[in-house]
Each structure stands twice: as C-alpha cells, then as structure tokens.
Protein chains: 2
Amino acid sequence: MAGQEKRPIVTVDTVLFTLRDGRLTTLLQSRDKPPHAGSLALVGGYVRPEEDASTTDAASRILRQKAGLAGLFLEQLATFSGPDRDPRGWSLSVAHYALVPEAALAAAQGLEAFPAEDPPPLPFDHGAILAAALARIRTKGAWSSLPALLLPDTFTLPELKAVYEAVMGERLNDSAFRRKINDLRLIEEVPDARSQATAERRRPAQLYRLTRRAFVAFDRVI
Amino acid sequence: MAGQEKRPIVTVDTVLFTLRDGRLTTLLQSRDKPPHAGSLALVGGYVRPEEDASTTDAASRILRQKAGLAGLFLEQLATFSGPDRDPRGWSLSVAHYALVPEAALAAAQGLEAFPAEDPPPLPFDHGAILAAALARIRTKGAWSSLPALLLPDTFTLPELKAVYEAVMGERLNDSAFRRKINDLRLIEEVPDARSQATAERRRPAQLYRLTRRAFVAFDRVI
DNA sequence: TTAATAGTGTCTTTTAGACACTATGAC
DNA sequence: GTCATAGTGTCTAAAAGACACTATTAA
C-alpha cells in the first residue's frame with residue numbers, strides 16, 4: 001500500500017502498581033534493546049496486528065512475555081504521541097496501567113520496585129506516563145473498589161483501609177471508612193473466616209472478599 | 001524499513017458536542033470517501049506524522065480542514081483498536097471530543113445535528129465512541145466548569161445552570177447550584193453587564209465569565 | 001400592576017469526620 | 001489481667017436538597 005511508510009510507530013506501555021511495605025510502588029524493567037538499552041523503563045513493546053486483538057490485548061501479551069505477569073487488572077490510561085518522544089521516529093504509545101497483587105508478583109521476572117511517587121529518571125516520556133497513571137489511580141481509587149485489587153482475594157478491613165490510604169495518599173477516618181464500604185456493598189464477609197494473628201497483628205480480624213457487584217465498576221480483568 | 005507493513009492504520013476521530021434548543025447535541029458529517037461513503041459519521045481522518053505534532057494536533061487539523069472548526073476545547077477520550085473495526089485492516093483510532101459553542105458553529109460546514117443520547121446508527125465503532133464520549137462529558141461535567149465551554153464567553157447564571165442540566169442529564173437545585181458555583185470560584189461577574197431581555201427572558205440577568213482559575217482544570221484549548 | 005424570571009434565605013436531610021468507647025484474643 | 005488491635009456508637013460539622021420568599025424589570 002502506498003503511503004504505508006508514513007504510518008506512525010505503534011507501541012504499548014504499561015505502568016505496574018503494587019504494594020510494598022504498605023506503600024504504593026511501581027515496577028520497572030531494564031530495557032534489553034536500544035534505544036535506551038540498560039535503562040529502567042515501563043514494560044512495553046510493539047503492537048503486533050497479526051496476533052493482537054486490541055492494544056490492551058497487546059499490553060497483556062507483552063506483560064506475559066516480558067515480565068511473566070498474567071491475570072492482572074489492566075486498563076487503558078491514555079495515548080501519548082509525537083515526533084520526538086522516541087528516537088526511532090514519530091511514535092504513538094497506548095499507555096495502560098495494571099494492578100499487581102503480591103501473589104502475581106511471585107511469578108514475575110526482572111522487575112525492580114520503586115516508590116510510585118518518587119521513581120528514578122525514566123527514558124522516553126515514561127516519566128509523564130507514570131505521573132498520569134498515578135493521578136488516574138488516585139482519582140479512580142477514591143470512588144471504586146479498585147484499590148482492593150492490590151490485595152489477595154480475601155483481606156481484612158484494616159488491610160483494605162491501609163490500601164485505600166496508600167493509593168489515595170492520605171489518612172482515612174476509621175468509622176467513616178467502614179460506613180462507606182458497607183454502603184457501597186462492594187465487599188462481603190467470608191463466612192467463619194478470620195485472619196491469622198501475626199507479630200504486628202495481635203487480634204485476628206474478619207476476612208472479606210469483593211462482591212460480584214464490585215467488579216462491574218471495572219472494564220475488565222485480563 | 002522492514003516490518004513497516006505490519007504497522008496499524010492510525011486515525012483520529014472527534015465527537016462534537018454542542019447545545020441545540022437546550023439539549024446536548026452531537027454533530028456528524030457525511031463521509032465523502034469509502035469505506036461507508038455517504039454515511040453520517042464522526043469527523044475523522046489519518047494522522048499525518050509529517051505535519052502533526054501529536055494525535056490531538058491531528059484531530060485539531062482535521063476539524064479545521066473538514067468542518068471549518070477552530071478554537072475549540074478539544075481533549076483526548078480513549079483509543080479504540082482492533083482487526084475488524086475498519087475494513088481497510090487492523091486499525092487504531094485515537095478518539096477525542098470537542099465542545100462547540102454556538103459562535104464557533106456559525107463558521108462550520110457540512111455538519112448535521114442529532115440528540116447526543118439518541119444518534120442515528122453509525123459506521124465503524126463510532127456508536128461506541130460516541131457513547132464513551134457522552135459518559136465522559138457527564139462524569140467530568142459534574143465537577144468542573146467544562147459545560148460552560150458550550151456557552152458564549154459571557155453568560156447568565158440561569159443559562160449556566162441550564163447547560164449543566166443538559167450535560168448532566170438531570171435537574172439541579174437552584175440555590176445549591178449557585179452556592180456550589182460560588183464556592184468553586186470558577187466564574188466572576190462582568191462589571192455592570194446584564195443580559196438583554198428577550199421573548200423568553202422577561203428580566204435581564206447579571207453576566208458572568210469564567211475565571212482564569214476555571215481553565216486550569218482543563219488539559220488545553222486548541 | 002402584573003407576569004415572569006432573577007436571586008436570596010432558611011429549614012431539613014444527608015454525608016463525612018472526630019473521637020470516645022466496647023470487644024476480643026495473644027500473651 | 002494487660003495490651004494492642006478490631007470494631008461500634010454517637011456527637012458534630014459540613015454539604016446538599018427543598019422550597020418559600022423577595023427583587024427586579026418589561027409590558
């Protein structure tokens with residue numbers, strides 16, 4: 001097809017969020033090819049029309065192939081484009097973000113953790129993408145059960161409150177939190193299940209899980 | 001460059017919103033080329049790397065060239081992609097939405113107006129894009145001065161309230177509306193300026209305009 | 001003066017935050 | 001029992017809605 005050489009380079013990049021010591025953390029990967037080989041960057045790669053059903057599908061494939069991550073909540077963030085963002089030429093990257101619970105992280109490869117609010121310098125416009133993802137998760141976290149996807153399938157209310165605090169970056173009122181969580185009906189008790197006591201946790205707490213209702217707020221989990 | 005033929009087709013499409021008889025209205029254009037020549041569709045076209053600085057810049061250029069529209073509030077919505085959305089092949093469209101005040105509409109060409117909630121059947125996945133844009137404007141309209149961008153530079157409070165009602169799709173409480181608008185400090189009085197009385201408007205009202213503060217809420221106006 | 005819309009004041013309801021209090025289980 | 005955390009109840013403050021009321025101006 002004539003004019004084909006005028007098409008932009010099309011890639012996807014994914015911002016990975018997880019919890020580390022109760023802080024919102026991002027996971028970066030060392031680039032193995034130029035440009036910026038050796039630099040820490042978002043996990044990304046080319047969209048492959050012959051095998052990807054969508055850009056989100058491409059992001060999912062790349063997370064699996066390059067980081068061993070699967071089954072994550074993964075959502076489109078925004079598209080970044082321009083002549084100068086990539087030395088290979090006019091490029092377009094459909095940025096995504098994903099939430100990585102600790103269990104999924106066990107199988108992952110080659111990822112390094114950094115505080116989400118204080119990342120190292122990043123190549124391309126990955127710094128701007130990370131900042132946009134952080135802004136998105138903060139906004140969206142305030143009125144959905146999204147932060148709970150950073151936790152295991154079952155969790156206690158104090159744990160849930162701590163994740164909301166980490167995601168939103170502010171302290172929450174205890175009784176107001178329980179009231180709101182209850183009103184939204186996003187979680188339900190796991191019958192007869194209580195958490196183990198640990199060194200930090202003197203008293204076991206009731207275990208909860210997300211209700212089916214909680215998931216309709218999300219686009220999808222891949 | 002090898003592998004170039006594997007790059008997706010990259011386009012932009014823009015959902016245009018305006019007010020018509022107090023209702024939120026979308027503006028569509030008859031396509032002059034295949035595929036779907038003659039169908040009403042969103043205003044869109046190819047991204048041209050040699051002249052566009054970004055996809056939003058491409059959307060702005062296409063609005064100017066194909067519809068004679070300039071100076072609009074224009075913002076990225078989301079990116080739609082896949083093998084089947086366009087018969088020409090695997091394609092990706094960066095969807096945008098724009099707000100068209102009546103003054104800008106005067107210079108526009110070849111646009112037809114339809115109720116935003118009840119559009120005609122649209123080709124490609126333009127129906128889904130329009131639905132997403134409507135959802136976005138409703139959400140964002142609730143907590144920003146965005147709806148005011150559908151009005152002229154100066155407007156009365158009753159007019160402003162009517163736009164919010166059209167955008168949000170629900171009736172608002174009068175005194176609560178004034179209180180909120182005042183608290184947000186998004187508008188200011190135009191000194192000694194009052195609207196004209198008309199057939200529907202028995203009594204002139206104070207004219208207001210957006211403050212500079214109101215604009216920081218937005219990404220940009222092109 | 002009347003009709004119609006502009007604009008205000010105030011009461012009620014709802015929601016969110018503060019914070020003291022009780023409950024439970026490990027030790 | 002003691003201590004730390006889980007969980008509840010209640011008071012207060014702030015925000016949102018209902019709605020009656022006053023103000024202004026064209027006719």
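In what follows, every chain begins at residue 1, and chains take the letters A, B, ... in the order their sequences are listed.
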Sequence neighbours excluded - salt bridge (Lys or Arg N to Asp or Glu O under 4.0 Å) pairs with any residue from [range]:
range: residues 115-134 of chain B; answer: B/Arg23-B/Glu117, B/Arg85-B/Asp125, B/Glu117-B/Arg138
range: residues 65-74 of chain B; answer: none
range: residues 143-155 of chain A; answer: none

As a check of understanding: the bend across the helix from C/dT1-D/dA27 to C/dC27-D/dG1, end axes from five pairs, rounded to 10 degrees, works out to 0°

Ring pair (Phe, Tyr, Trp, His ring centres under 6.0 Å) pairs touching residues 144-168 of chain A, sequence neighbours excluded, are A/Tyr164-A/Phe177

Note: contacts of residues 184-192 of chain A with DNA chain C (heavy atom, under 4.0 Å) are none

Which residues pass the side chain to side chain donor-acceptor pair (under 3.5 Å) test with B/Arg136, not counting sequence neighbours?
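With sequence neighbours excluded, B/Arg136 shows a side chain to side chain donor-acceptor pair (under 3.5 Å) to no residue whatsoever.
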
ask   = Under the side chain to side chain donor-acceptor pair (under 3.5 Å) test, which residues partner A/Glu112, sequence neighbours left out?
value =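 Once residues adjacent in sequence are excluded, A/Glu112 has no partner under the side chain to side chain donor-acceptor pair (under 3.5 Å) criterion.
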
Is there any protein nitrogen or oxygen under 3.5 Å from a nitrogen or oxygen in nucleotides 9-14 of chain C, and what are the pairs?
{"from": "C/dG9", "atom 1": "O6", "to": "B/Ser175", "atom 2": "OG", "distance (Å)": "3.0"}

For B/Leu207, what residues pass the side chain to side chain contact (heavy atoms under 4.5 Å, CB included) criterion, not counting sequence neighbours?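 By the side chain to side chain contact (heavy atoms under 4.5 Å, CB included) rule, B/Leu207 matches B/Thr154, B/Thr156, B/Val190, B/Ala193, B/Ser195.
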
Sequence neighbours excluded, the answer for side chain to side chain contact (heavy atoms under 4.5 Å, CB included) partners of A/Asp84 is none

Identify each donor-acceptor pair in which a side-chain atom of residues 97-106 of chain A lies under 3.5 Å from a protein atom, sequence neighbours left out, and give them as a table.
{"from": "A/Tyr97", "atom 1": "OH", "to": "A/Glu75", "atom 2": "OE1", "distance (Å)": "2.5"}

